[in-house]
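Quick notes on the structure that follows.
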Amino acid sequence: YGASGLQLAGAGVSEAFGNEIGGTFIATRAEGEPTEISRFTLRGAGLDAAAQATIAGPDAGFRTNANLNAEIAGLARFATLIGQDIGGGAEVAVQADITPLDGLFDIVLSGQTNDLSVGIPEADHVLAGRGTIAATAMRDTDGTRLEILRVQTDAANLRAAVDLTSEGAAARVNASLRDVALVLPGVSGPAAVAGEVTQGADGVVGFLLNGTGPAAAFETNGTVNPAETGQTVNAALSADLRDLSRYAVLAGRPLAGAVNLEANGVLLGDGQRFDLNISGATLDVVTGEARIDPLLAGDGNFTTAVART
């Protein structure tokens, strides 16, 4: 099949798909046998895709086994269509086992990106160059799972997994950045974060996160509980900033010294009432305030409590 001189209606549609498309479609079907799509290709406007599939009959829930390979040379042509400034190129391969009538699926995706951009400068810096993506998603009688999501570029690495069952949900994430200067100019050094978020059948959300950054580390945990109006948040945070001078450019003022702090608090469901406690220790802190810095020299401790009822 093929068509040329197309004039597709709709904002960005013609730009995305061009005025010429073509490909091959070969399918066979015999009585009582699955439908075989042995070849389906689509070419046009920097898009090159090929797929094969086997589709069973209604007695098997139209179970479909399919393979798809696609290469998009220029994502920028889709920017107007989706309303987002995107660019770069991508190659993806998908293997799918889907039973539509039962709502079951098993999908494996892998791919590569080349100078991917999404119109957000900080994200574009992280996505620059060659990247890889891999994901496995499944839904069976036990629930829905994103068994693995892995994204890697020269600058960053992300791994995540999600489980959704009748008893609740759980998500795990592990991410690292080679140099935070890519997203926070003036701060340099690697950073990483790892943690888990869960939700029980009662609707209570729990979270536990920890991470490291340039001369810094943190850990936070807490719960988000359903309330009559909104949600009640209980949280605790510990942070260790070993060298504040690493963040002076970001703060726009002279900084030095070290701070170790502990905080915990409650934010009530109406979002107007809270109770916050903070304590910690300091060492030779410099803030750039001539009247304050002499008081912060050497070892120090602080405690404060703030509440609104």
Side-chain angles (χ1 to χ4, degrees), residues 10 13 16-17 23-42 47-72 75 78 81-84 86 90-113 118 132-152 158-175 195-208 223-226 231:
V13 177
F17 297 101
T24 303
F25 181 74
I26 302 174
T28 59
R29 183 180 183 277
E31 187 68 29
E33 298 293 331
T35 299
E36 296 282 349
I37 301 176
S38 57
R39 184 171 177 79
F40 175 43
T41 64
L42 174 64
L47 173 65
D48 191 348
Q52 304 85 36
T54 300
I55 306 172
D59 292 343
F62 293 109
R63 182 175 182 177
T64 301
N65 287 277
N67 295 288
L68 169 68
N69 293 274
E71 180 178 353
I72 305 173
L75 289 168
F78 295 94
L81 180 64
I82 67 174
Q84 179 68 42
I86 61 172
E91 303 172 14
V92 297
V94 180
Q95 295 177 309
D97 182 353
I98 304 171
T99 307
L101 294 188
D102 296 329
L104 308 178
F105 59 80
D106 185 351
I107 300 173
V108 178
L109 178 147
S110 62
Q112 294 184 324
T113 62
V118 294
T132 61
I133 182 171
T136 300
M138 176 181 292
R139 183 180 182 187
D140 54 21
T141 55
D142 293 327
T144 302
R145 300 182 297 282
L146 176 62
E147 295 189 333
I148 184 171
L149 169 64
R150 185 173 65 250
V151 181
Q152 185 170 353
L158 168 68
R159 293 174 181 267
V162 180
D163 292 332
L164 302 174
T165 69
S166 59
E167 298 178 353
R172 296 169 295 281
V173 65
N174 190 311
E196 182 177 32
V197 179
T198 61
Q199 183 175 22
D202 56 0
V204 176
V205 175
F207 60 89
L208 173 62
T223 59
V224 181
N225 302 274
Q231 297 175 315

State the [atom1]-[atom2] distance between [X] and [Y], to the nearest 0.5 angstrom.
X	Y	atom1	atom2	value
F207	T223	CZ	OG1	7.0 Å
L109	Q95	CG	CD	10.0 Å
T64	I55	OG1	CD1	4.5 Å
D142	R139	CG	CZ	12.0 Å
I107	I98	CD1	CD1	4.5 Å

Set of salt bridge (charged side-chain N to carboxylate O under 4.0 Å, His left out) partners for [X], sequence neighbours left out:
X	result
R172	D163
D140	R145
D48	R43

Tabulate below the donor-acceptor pairs under 3.5 Å that side-chain atoms of residues 32-40 make, not counting sequence neighbours, or state none.
{"unit_1": "E36", "atom_1": "OE1", "unit_2": "T54", "atom_2": "OG1", "d": "2.9"}
{"unit_1": "S38", "atom_1": "OG", "unit_2": "I26", "atom_2": "O", "d": "3.4"}

Take a 6.0 Å sphere around CD of E167 and say whether it holds more than 12 heavy atoms from other residues, nucleotides or ligands. no
side-chain contact (heavy atoms from CB on, under 4.5 Å) filter on Q52, not counting sequence neighbours, yields N67
Sequence neighbours excluded, the answer for side-chain contact (heavy atoms from CB on, under 4.5 Å) partners of F62 is P58, P100, L101
Over all heavy atoms of both residues, which pair between T136 and D106 is shortest? Give the atoms and the distance, please. CG2-OD1, 4.4 Å
Considering all heavy atoms, the nearest G61-T99 contact: O-CG2, 3.6 Å
Is there a side-chain contact between S110 and I133, using heavy atoms and a 4.5 Å cut-off? no
For Q84 and V118, indicate whether the former's side chain and the latter's backbone hold a donor-acceptor pair under 3.5 Å. yes
